[in-house]
There are 2 protein chains.
Amino acid sequence: MAESPRRPRPEPRYGTRPTMKDVAARAGVGLKTVSRVVNGEPGVTPDTERRVQEAIEALGFRRNDSARVLRKGRTASIGLVIEDLADPFYGPLNRAVEEVARSHGALLINGSSAEDPEREQELVLALCARRVDGLIVVPAGHDHRYLEPEIKAGVATVFVDRPAGRIEADTVLSDSFGGSRDGTAHLVAHGHRRIGFIGDQSTIHTAAERLRGYRAAMADAGLVIEPGWISLGTTDPDRVREAVVTMLDAPDPVTAIFAGNNRVTVTAVRVLAGRSRSVALVGFDDIELADLLDPGVTVVAQDAAALGRTAAERLFHRLDGAAEAPSRVVLPTRLITRGSGELTPSD
Amino acid sequence: MAESPRRPRPEPRYGTRPTMKDVAARAGVGLKTVSRVVNGEPGVTPDTERRVQEAIEALGFRRNDSARVLRKGRTASIGLVIEDLADPFYGPLNRAVEEVARSHGALLINGSSAEDPEREQELVLALCARRVDGLIVVPAGHDHRYLEPEIKAGVATVFVDRPAGRIEADTVLSDSFGGSRDGTAHLVAHGHRRIGFIGDQSTIHTAAERLRGYRAAMADAGLVIEPGWISLGTTDPDRVREAVVTMLDAPDPVTAIFAGNNRVTVTAVRVLAGRSRSVALVGFDDIELADLLDPGVTVVAQDAAALGRTAAERLFHRLDGAAEAPSRVVLPTRLITRGSGELTPSD
DNA sequence: TAGGCCCTGGACAACGTTGTCAGGTGAATG
DNA sequence: CATTCACCTGACAACGTTGTCCAGGGCCTA
């Protein structure tokens, strides 16, 4: 074990980990033999293996995967960038991605973009610098050309929940347009003619699609959307509350509201609960306990776990070498009727 | 730029990334100069810097952090192991940890233990092999001696939500005992004498603590707990449903139920909603929309985000070199009264 | 004009691992 | 007894980066 003369390595210091070299020295074998034992490669006598195992045990050795990654090129990790880790909608998606990753022996690195395109890019590029094998992104921005060199370099990328901007890539979406159209049509079917739409910021693809679905359903029913019936903006409770109140206090108020996502629905339910006049409501995204409210909240449910699972499977399919053209999968939504959408107009 | 004669590097192949060497060659400068530019180190003429930047741009170079990590020793990443990424309780915790990590320039790698000690260990050790700088763990197991070599080697570790087993380590908890005692006392204060407790598996520390709190409150009130009033087990809805039904259909049924966590509360609410006789309920953990149910669900709320934030701050404090003895922080809980705990016994 | 200093740039080793390849030992065979 | 062969084992280079150290050139001063 000749050491560099300039920097002799004395006792293993606190905070310094033993390496294969240390294990090899202690076991009295070569470096490569340790590597073989650690990786379960064949060609090691049981006796040698035992000696190595003992040395590993005694030193508390654990392979340094950073070095391994450097050597092998693959990191066995994937990155997931979503909007907000704390949003209950993304929990199941996150978990589903993790399960698929786990079944492929990969770890999951994740972060929140907080709906900020710059933060999204920063995060994505940091993940690329870590050389994640693949990326699953819920995009916040609308221009993903910054990813082109990465994708060309071999970073598999799948967009989920919303499509990529100005770039071709695998995408997995829910049918926002169809779901929203069906949800709105449901209100129409129950006699509503004056229906409001409260959604997320119009720059967000799903928000725009849901608005489009609402418009389509209204048009199908031959209804003209009056000014003041559409409100888009952040899902901040104050903003949404004001939007609801404004619609209901108008001289000629709406009799039903379509809520563009789970955050909006929650606030809308809260505002409506404080009002005497009953207003019909259908929300996009299912929410917990929706069935126990009075009336139960009718929703257009999407399957967040299926979104995550499908995206992750697509990703690993790519990592296994699939070289087909980018695909776009659209998962269906499901209307769950619970009462709030079945109220008939009272005026 | 003498290349190894055996492996000449032709055109950069698809799937192969340019390195600093490539950038240096293209810019006509030395390797270290590229490194200096990439890391914003001083000592580079503006003109040289410009040439290097152009080469970086042209080649689509991105620093390989794996190599950097290997050289520097620190990975600027931390690991978070929780029970279930999809559980709404852990969403805010996860997000809070992420925010703190982000403010320290670190990435977050995370995974679910699924309440399986073996899976927890597997995950934790995989993170150690990645050489995460630190770990935040919601433990599933009760023996963490396997972490000793890692901690000795310098992996900062903080346990959150539940304490570590057979090992000294920083810990951040909610006051499960106190919260549960207060919640139960609240039911007693409203006239209840026959109070059931439905909780998670008794091997889980928080579950045991909450049970202890319930027992303490009952004892304080001079009440004897009768057989059948305590039910512990998984939070599987079927299991919980049966537990509730059994308690309520007993010859001498309970008049109030204390639910040990959010999963239990949700199921309990659902069962109670289908019954005519009113039963009081207090749940541990706040749940969304609890205020809108009829009656509103009284809960003992813990601050999941504060748990995560406190743990992460503790972790980075350690990483900054703090060498104090392991600390234990217990965060208070808060009783939020909404009606369901204020029902008085009907019999 | 000579001496010395500062500033820029580059050669080189090292981080810990794995792939390649060659050497060495023992048993089986002619 | 010599030879072949299979099987272990280890030396060495390479992965891409950063820290150390030295060389050379320009500029200021005496």
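Labels below follow one simple rule: chain letters A, B, ... track the order of the sequence lines, proteins then strands, and each chain is numbered from 1.
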Starting at atom [atom1] of [X], determine the distance to atom [atom2] of [N], rounded to an integer number of angstrom.
X	N	atom1	atom2	result
Arg130(A)	dC15(D)	CZ	P	22 Å
Leu31(B)	dC15(D)	CG	P	12 Å
Met20(A)	dC12(D)	CE	P	19 Å
Arg63(B)	dG16(D)	CZ	P	15 Å
Leu70(B)	dT18(D)	CG	C1'	10 Å
Leu59(B)	dG16(D)	CG	P	14 Å
Arg68(A)	dG16(D)	CZ	C1'	18 Å
Asn39(A)	dG19(C)	CG	P	8 Å

Please confirm whether the shortest side-chain N or O distance from [X] to OP1 or OP2 of [N] is below 4.0 Å.
X	N	answer
Ser35(B)	dT18(D)	yes
Lys21(B)	dC15(D)	no
Asn64(A)	dC15(C)	no
Arg71(B)	dA14(C)	no

Taking only Lys NZ, Arg NE, NH1 and NH2, and the carboxylate oxygens of Asp or Glu, determine whether [X] and [Y] approach each other closer than 4.0 Å.
X	Y	result
Arg162(B)	Glu120(B)	no
Glu150(A)	Arg17(B)	yes
Arg314(A)	Glu324(A)	yes
Arg119(B)	Glu122(B)	no
Glu313(A)	Arg309(A)	no

Polar atoms only, N or O, under 3.5 Å: list the protein pairs with nucleotides 7-9 of chain C and their distances.
residue, atom, partner, partner atom, Å
dT8(C), O3', Thr45(B), OG1, 3.0
dG9(C), OP1, Thr45(B), OG1, 2.7
dG9(C), OP1, Thr48(B), OG1, 2.2
dG9(C), OP2, Thr45(B), N, 3.2
dG9(C), OP2, Thr45(B), OG1, 3.4
dG9(C), N7, Arg36(B), NH2, 3.1

How would you label the contact of Lys32(B) with the nucleic acid (heavy atoms, under 4.0 Å): base, sugar-phosphate, or nothing?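 Base contact.
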Students often get this wrong, so: under 4.0 angstrom with heavy atoms, is Asp65(A) touching a base, only sugar-phosphate, or nothing?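 Nothing, no nucleic acid heavy atom in range.
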Glu168(B) atom CD, over 12 foreign heavy atoms within 6.0 Å: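 At most 12 heavy atoms, drawn from other residues, nucleotides or ligands, come within 6.0 Å of this atom.
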The criterion is side chain to side chain donor-acceptor pair (under 3.5 Å); which residues satisfy it with Arg68(A), sequence neighbours excluded?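 Testing Arg68(A) for side chain to side chain donor-acceptor pair (under 3.5 Å), a comparison that skips the adjacent residues, returns Asn39(A).
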Pro139(B) versus Val160(B), closest heavy-atom pair with distance: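 Minimum heavy-atom contact is CD-O, 3.8 Å.
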End-to-end axis angle, where each axis spans five pairs of the helix from dT1(C)-dA30(D) to dG30(C)-dC1(D), to 10°: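 What I find for the helix from dT1(C)-dA30(D) to dG30(C)-dC1(D) is an axis angle of 50°.
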Donor-acceptor side-chain pairing of Ser77(B) and Arg130(B) below 3.5 angstrom: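 Short answer, no.
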